[in-house]
Amino acid sequence: MSFPLLTATAVVPAVGAIATAAVPAAKRGFAKWLALAFSIATFVLAELVVVRFDPGGDRYQLTESHSWIADFGVRYELGVDGIAVALIALTTLLVPFIILAGWHDADPLETGSKRWRPTQGFFALILAVEAMVIISFEATDVFLFYIFFEAMLIPLYFLIGGFGDRAHEHGEKTAATQRSYAAVKFLLYNLAGGLIMLAAVIGLYVVAGNFSLTEIAEARANGSLDMATNTERWLFLGFFFAFAVKAPMWPLHTWLPNAMGEATAPVAVLITAVVDKVGTFAMLRFCLQLFPEASKWATPAILVLAVISIIYGALLAVGQRDIKRLIAYASISHFGFIIMGIFAMTSQGQSGATLYMLNHGISTAVLMLIAGFLISRRGSRLIADYGGVQKVAPVLAGTFLIGGLAALSLPGLAPFVSEFLVLVGTFTRYPVIGIIATFGIVLAALYTLVLYQRTMTGPVKPEVRAMPDLRVRELVVVAPLVALLIFLGVYPKPVTDIVNPAVQQTMSDVHKKDPRPEVEAAK
């Protein structure tokens, strides 16, 4: 039997979570280094997955299959396509930087605190989330995917409610109340989506007789499994609703600004750059592959909701007073682009959407982590409390500007390529939707440049006059991510070579071909 590489990639952070939580309370520093070591080991395993994956080979590779709950047809089945490989690489890349960025976020508020292992718990929960996200990308059994899709909510609930942002304009007591509210809202929204999905998972089993994604998709393709039209549509809606909550898409998005605003900056990155990608990934893997006809039936409505997300998120970002909530609403707008690319049903749109998942994760990580470093120095999330930072902390201001320019998809930075592909792919099939979506780019420039202008330029406010520039640990966090933004902006081919074959297979699942250009060839 070959080495179970996919299982190892998920098990290592899970073991790391247990080991970190077990570290004695007096050895907080060791717990941090232990968590970092396990996250780096997971990244190394993920790189082995990338190296062993053959883009020109079978659709699902490095597969593992074992009987689990035989009476109900549940199997422990894993396999990765190019899209999953890219997102596993993103997840395992970001988590070490998330741990480094949050190095002091769970330290006790006062010396000699007797709180139960706050530091160990914080880093153990991050590793637990990483393990569950990875296996969600790898699972090809629908029931196995569902278990971890829901289970990841529990550690995130404690990360938001128990280890939230300490910077609050109304004091610690109000901050604790807001953290609890954000954590409960996050949990309830996502549990509601998960319960609806559970009904759809059961319905799928009743119709198909098993939970294997590959077997069900093959049966649908060869005609041995014929779902009634209404049945397929209801099942699709059950799956899509849960994924739209996780994504998050308007009008199911309202938990995200609260969660990102009240969480620490590294946890906010974990939510929007890692966990939320499970929702958009699942749309490609499960909705389009299991329910191709229902996906085409729902496409017009989903595209309208996606373009509303783009414009709505950008407009609300423009009016924000809170730095972290501004980034949260910007992410809602960006997720609108991703969903629009998926359901444009063109190879350019879906390639762009997949690339956007990767690039958005990196750009949001840069912007939010720098915002977190800024907030930790000043002790405030309000934009109005800053001014002139670039004169006292030029490196911090410069990296913040790069993150902001990436968020508005400046040519030469990674998100530009993906956003361009999404818009081209959408316009070729749905020109009106594509034209409306371009206004999101204009609004992105507005909220990004206004944020930079109000915080970094102008007279130096007395409260920021003594603000230190980025420290060595902080530079280690952001410098590689900035370099990656520039590299993928100039040369995205390593990623597109991996994801494009998977995109072509998804297009085949829904029986769609790219529309032919309507311009006549020159004579």
Side-chain angles (χ1 to χ4, degrees), residues 97-98 100-110 122 160 163-179 182 257-269 272 317-331 364-405 407 447-479 481-482:
F97 294 122
I98 288 171
L100 275 174
W103 204 249
H104 298 297
D105 285 356
D107 289 347
L109 291 172
E110 64 277 341
F122 179 74
I160 297 168
F163 299 93
D165 194 351
R166 295 170 180 171
H168 199 285
E169 58 184 306
H170 298 303
E172 176 59 28
K173 186 175 181 180
T174 303
T177 302
Q178 292 295 330
R179 287 196 297 267
N258 296 99
M260 287 184 66
E262 300 305 325
T264 63
V267 173
V269 171
T272 191
V318 171
Q320 287 303 305
R321 298 166 54 243
D322 184 308
I323 297 173
K324 291 168 71 177
R325 289 178 69 90
L326 184 152
I327 298 172
Y329 279 110
S331 290
T364 299
V366 172
L367 190 58
M368 180 59 84
L369 291 178
I370 292 293
F373 298 151
L374 182 68
I375 291 166
S376 67
R377 286 159 164 74
R378 175 67 177 83
S380 172
R381 303 184 336 222
L382 297 179
I383 297 172
D385 288 341
Y386 297 87
V389 173
Q390 68 179 11
K391 296 177 183 177
V392 298
V395 178
L396 187 154
T399 50
F400 190 75
L401 179 61
I402 293 173
L405 294 176
Y447 63 67
T448 299
L449 296 177
V450 168
L451 172 64
Y452 184 84
Q453 179 189 41
R454 291 179 179 176
T455 56
M456 302 295 165
T457 66
V460 180
K461 290 201 171 184
E463 294 83 0
V464 304
R465 196 173 300 277
M467 181 178 291
D469 212 335
L470 291 182
R471 303 177 178 91
V472 174
R473 173 179 59 85
E474 296 165 338
L475 282 170
V476 169
V477 170
V478 298
L481 297 177
V482 168

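In this text, all values refer to a predicted model and were calculated from it rather than measured experimentally.
No side-chain donor-acceptor contact under 3.5 Å links Gln320 to the backbone of Ala317. A side-chain donor-acceptor contact under 3.5 Å links Arg473 to the backbone of Leu100. Thr455 contributes a side-chain N or O that, together with a main-chain N or O of Leu451, makes up a donor-acceptor pair within less than 3.5 Å. Arg465 contributes a side-chain N or O that, together with a main-chain N or O of Val460, makes up a donor-acceptor pair within less than 3.5 Å. Distance alone, capped at 3.5 Å, places no donor-acceptor pair between the Tyr447 side chain and the Gly319 backbone. Not a single donor-acceptor pair under 3.5 Å links the side chain of Lys324 to the backbone N or O of Pro257.
By the 4.5 Å heavy-atom criterion applied to side chains, Lys461 and Val389 are not counted as neighbours. Between Ile160 and Asn258, the closest side-chain pair of non-hydrogen atoms is not below 4.5 Å. Looking only at side-chain heavy atoms (C-beta outward), Leu475 and Val395 come within less than 4.5 Å of each other. When side chains are defined from C-beta on, Ile323 counts as touching Leu374, because their heavy atoms get closer than 4.5 Å. The closest side-chain heavy-atom distance from Ile98 to Val477 is not below 4.5 Å. Val267 has its side chain within reach of Thr264: a pair of non-hydrogen atoms, C-beta onward, lies under 4.5 Å apart. Contact annotation: the side chain of Phe122 approaches that of Asp105 to within less than 4.5 Å [non-hydrogen atoms, C-beta and beyond]. At least one side-chain heavy atom of Val482 sits under 4.5 Å from a side-chain heavy atom of Val366.
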Between Ile383 and Arg321, does a side chain to side chain contact (heavy atoms under 4.5 Å, CB included) hold up when you go through it step by step? CA-CA 6 Å; Ile383 297 172; Arg321 298 166 54 243; 5.7 Å; no
May I have the step-by-step check of side chain to side chain contact (heavy atoms under 4.5 Å, CB included) for Val318 and Val450, ending in yes or no? CA-CA 8 Å; Val318 171; Val450 168; over 6 Å; no
Apply the test side chain to side chain donor-acceptor pair (under 3.5 Å) to residues Gln390 and Tyr452: give CA-CA distance (whole Å), side-chain angles for both, the deciding distance (0.1 Å), then the verdict. CA-CA 10 Å; Gln390 68 179 11; Tyr452 184 84; 2.8 Å; yes
Evaluation steps, side chain to side chain contact (heavy atoms under 4.5 Å, CB included), between Glu474 and Val478: CA-CA 6 Å; Glu474 296 165 338; Val478 298; 5.9 Å; no
Is there a salt bridge (Lys or Arg N to Asp or Glu O under 4.0 Å) between Arg381 and Glu262? Walk through the geometry before answering. CA-CA 10 Å; Arg381 303 184 336 222; Glu262 300 305 325; 3.4 Å; yes
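Rounding to the nearest 0.5 Å gives a distance of 11.5 Å between CG of Leu401 and CD1 of Ile370. Going from atom CE of Met260 over to atom OG of Ser331 covers 4.5 Å, rounded to the nearest 0.5 Å. One finds the OG1 atom of Thr399 at 10.0 Å from the CG atom of Leu367 (value rounded to the nearest 0.5 Å). Taking CG of Leu470 as the start and CZ of Phe400 as the end, the distance is 11.5 Å to the nearest 0.5 Å.
Nearest heavy-atom pair across Gly404 and Thr448 is O-CG2, 3.1 Å. Counting all heavy atoms, side chain and backbone alike, Arg378 lies closest to Asp385 at NE-O, 3.2 Å. Residues Ala371 and Ile327 come closest through the heavy atom pair CB-CD1, 4.0 Å. Residues Tyr386 and Ile375 approach most closely at OH-CA, 3.4 Å, considering heavy atoms. Here the closest non-hydrogen pair linking Pro468 and Ala393 is O-CB, 4.0 Å.
Each of Leu396, Asp469, Val464 was evaluated against Arg377; a single residue qualifies, Leu396, per the side-chain contact (heavy atoms from CB on, under 4.5 Å) test.
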